[in-house]
Amino acid sequence: MKILVCISNVPDTTSKINFTEGDTKFDTNGVQFVINPNDEFGLTRAMWFKEKQGAEVHVATVGGAQTEPTIRKALAIGADEAIRVNAEPTDGFFVAQQLAEVVKNGSYDLIIAGRESIDYNGGMVPGILATLLDMNFVNTCISLEVDGTNATAIREIDGGKEKISTSLPLVIGGQKGLVEESDLRIPNMRGIMMARKKALNVVEPVDASQPTQDQKFEKPAPKGPVKLVDADNVGELVDLLHNEAKVI
Amino acid sequence: MSVLVYTESEKGKFKKNAFEVASYAHKVAQDLGTSVTAVTFNVEDNASLGDYGVSKVLKISNDQLATFNAKAYASALAQAAEAEGAKVIIVSSSADSKFLAPILTAKLNGGYVPNVVAAPDSTSPFVVKRTAFSNKGFAHTEITADVKVIGVSNNAFGAVENNTSATVEDFSPSLADDAFSTKSIEVDKVAGKVSIADADIVVSGGRGLKGPENWGMIEELAKVLGAATACSKPVSDMGWRPHGEHVGQTGKPVASNLYIAIGISGAIQHLAGVSASKTKVVINNDPEAPFFKAADYGIVGDAFEVVPKLIEKLKEFKAQNA
């Protein structure tokens with residue numbers, strides 16, 4: 001089985017978010033970039049397939065040279081090869097078209113992408129990718145087993161979960177649950193040394209449409225101070241929620 | 001050239017979000033000078049959609065579509081859009097809508113913007129406001145594609161009554177076998193429990209509750225309020241509560257009217273997941289907990305003393321306001 005894990009290079013989850021150039025660009029100043037958490041769960045599951053079922057694992061990202069430390073980390077964790085499509089990922093459909101080209105050139109059986117990136121939260125790359133490639137697709141995937149060309153997945157639904165049977169080739173939008181958080185790996189020195197020798201192929205983007213464009217960003221309006229209620233007067237909270245906030 | 005809306009249903013009844021997305025579609029249709037066509041799956045009585053501004057219903061009755069199937073539903077919706085000449089399609093932010101919208105977008109070669117929190121800034125050019133950076137910011141995004149797919153955030157627009165009378169037409173999409181290449185084998189849903197996505201009120205517990213054995217009072221508070229229960233990340237990591245209840249940047253986002261956080265200090269990732277909620281209440285014994293800065297109302301106190309009192313007061317309130 002040949003697996004492609006799609007990696008998004010995103011600001012660390014604790015990052016403070018600021019904008020620059022008249023609120024038209026994300027301010028990367030002082031921000032640490034990491035593997036998108038939803039992708040990291042997928043990468044770790046791919047490592048399991050590599051170790052238990054002999055899969056070959058490649059990783060791909062769409063981004064400039066500044067994303068290379070992030071994909072090098074994926075190689076250090078154990079991916080066999082990396083591909084970087086040399087383009088700014090400004091739109092989900094654009095990114096999906098670039099990744100579709102990577103998949104076609106690499107004949108992969110299973111493509112694992114995060115259900116969404118934690119920066120732009122578009123959540124569209126896995127579904128568009130699957131549709132462009134005419135592959136099966138399971139979103140918000142929290143469990144995946146593969147037996148030959150048969151796949152069994154569990155996806156999270158509102159208020160529960162759903163078990164799905166399908167077949168390879170398959171695209172999943174993965175998330176926490178695919179593996180436990182405690183199974184996530186920190187690259188060790190040997191992995192980091194080996195990653196230096198692994199191929200990181202840079203390919204140029206293909207012509208692709210960009211159907212959406214972010215014009216401007218803004219931060220949420222600053223919030224007023226919290227209204228504190230005395231612990232001995234809980235009834236006042238009920239009153240405030242009813243009469244002031246009008247939520248009960 | 002109508003605005004198309006996908007109205008979700010379960011077991012033949014519309015979900016709450018169906019009326020919200022219909023209301024949003026009505027607003028967009030007004031701006032564009034056109035009308036709203038809704039697509040429904042296996043719903044017999046479609047008249048209620050007229051109350052929210054829908055003037056035409058394409059009613060699909062098909063046993064193959066009895067359970068949700070993203071690819072098949074997207075195929076049916078794409079055919080409905082083509083039949084209606086619809087260039088704007090409105091969906092919700094449910095797990096199902098977020099599953100099918102990208103497939104639909106790719107089929108129609110359109111542009112998709114999810115997590116939209118307000119009526120369009122303008123319809124020419126077509127610009128919508130959406131959350132980004134896991135609710136730590138907003139983006140105003142222009143959709144330049146001919147076909148525009150918009151995912152409306154839960155509770156962002158609300159259901160707005162617009163009395164229209166809806167005509168109903170049967171619609172039979174042609175579905176290839178390939179549309180069913182993923183099959184649902186089993187659905188596991190806790191019956192009678194409010195899901196986080198549908199909830200107006202969410203009651204959430206954190207590490208401050210000290211252990212899963214103390215969740216009874218969280219559940220009781222949720223029951224009194226008709227709320228869903230949720231938890232912080234450490235709580236689901238420790239296995240006190242299922243993953244599906246984890247709220248935050250890598251868990252579920254919450255966009256409820258009221259979010260009550262009990263024994264949750266308020267890590268930045270947790271706050272990102274709940275910031276779309278309208279009113280936030282924090283109960284924590286640490287006055288320095290970061291959540292107090294993000295909350296509207298707070299009680300500094302021991303959850304084990306405050307929560308039972310709150311349950312009593314709410315019961316009294318409900319008895320008086322029944």
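Within every chain, numbering begins at 1; the chains are lettered A, B, ... in the order of the sequence lines, protein sequences first and strands thereafter. What you are looking at is a predicted structure, and each value in this text was computed from that prediction instead of being measured.
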Strictly distance-based, threshold 3.5 Å: is any side-chain N or O of A/Asp158 a donor or acceptor partner for the main-chain N or O of B/Ala95?
yes
Is there a donor-acceptor contact under 3.5 Å linking the side chains of A/Lys176 and B/Ser236?
yes
Could you tell me whether the side chain of A/Lys219 and the main chain of B/Phe138 form a donor-acceptor pair under 3.5 Å?
no
Measuring heavy-atom distances to chain B, does A/Ser165 have an atom under 4.5 Å in its side chain, in its backbone, in both, or in neither?
both
State, with a plain yes or no, whether a side-chain heavy atom of B/Pro114 is found less than 4.5 Å away from one of A/Met124.
yes
Any donor-acceptor N or O pair under 3.5 Å, side chains B/Thr182, A/Asn136:
no
So, does B/Lys136 use its side chain to make a donor-acceptor pair with the main chain of A/Ser15 at under 3.5 Å?
yes
Spell out, as yes or no, whether a donor-acceptor pair under 3.5 Å connects the side chain of A/Lys223 to the backbone of B/Ala295.
yes
With a 4.5 angstrom heavy-atom cut-off, is it the side chain or the backbone of A/Leu241 that approaches chain B, or both, or neither?
side chain
Contacting moiety of A/Phe93, where chain B heavy atoms sit under 4.5 Å
side chain
Any carboxylate oxygen within less than 4.0 angstrom of a Lys/Arg side-chain nitrogen, looking at B/Lys252 and A/Glu156?
yes
Among A/Lys216, A/Glu218, A/Gln213, exactly one meets side-chain hydrogen bond (donor to acceptor under 3.5 Å, both in side chains) together with B/His140. Which residue is that?
A/Glu218
Between B/Glu186 and A/Lys161, does any NZ, NE, NH1 or NH2 come within less than 4.0 Å of an OD or OE carboxylate oxygen?
no
Any sub-3.5 Å donor-acceptor pair from B/Arg130's side-chain atoms to A/Tyr120's backbone N or O?
yes
Flag for B/Glu142-A/Gln215: side-chain donor and acceptor within less than 3.5 Å
yes
Does either side chain, that of B/His243 or that of A/Gln175, offer a donor lying less than 3.5 Å from an acceptor on the other one?
no
Flag side-chain contact, heavy atom, 4.5 Å: B/Lys71 against A/Phe137:
no
Heavy-atom cut-off 4.5 Å, strictly under: side chain, backbone, both or neither for A/Asp232 against chain B?
both
Honestly, the part of A/Leu237 sitting under 4.5 Å from a heavy atom of chain B is side chain
For B/Thr131, does its backbone N or O pair with a side-chain atom of A/Asn121 as donor and acceptor, under 3.5 Å?
no
Contact class of B/Val113 relative to chain A, heavy atoms under 4.5 angstrom
side chain
Go through the atoms of A/Phe19 and report whether side chain, backbone, both or neither lie under 4.5 Å from a heavy atom of chain B.
side chain
Please check if the side chain of B/Ser134 supplies one atom and the backbone of A/Ile118 the other of a donor-acceptor pair under 3.5 Å.
yes
Looking only at B/Ala132, B/Ala74, B/Pro253, B/Gly301, the option with the highest number of non-hydrogen pairs under 4.5 Å against chain A is B/Ala132
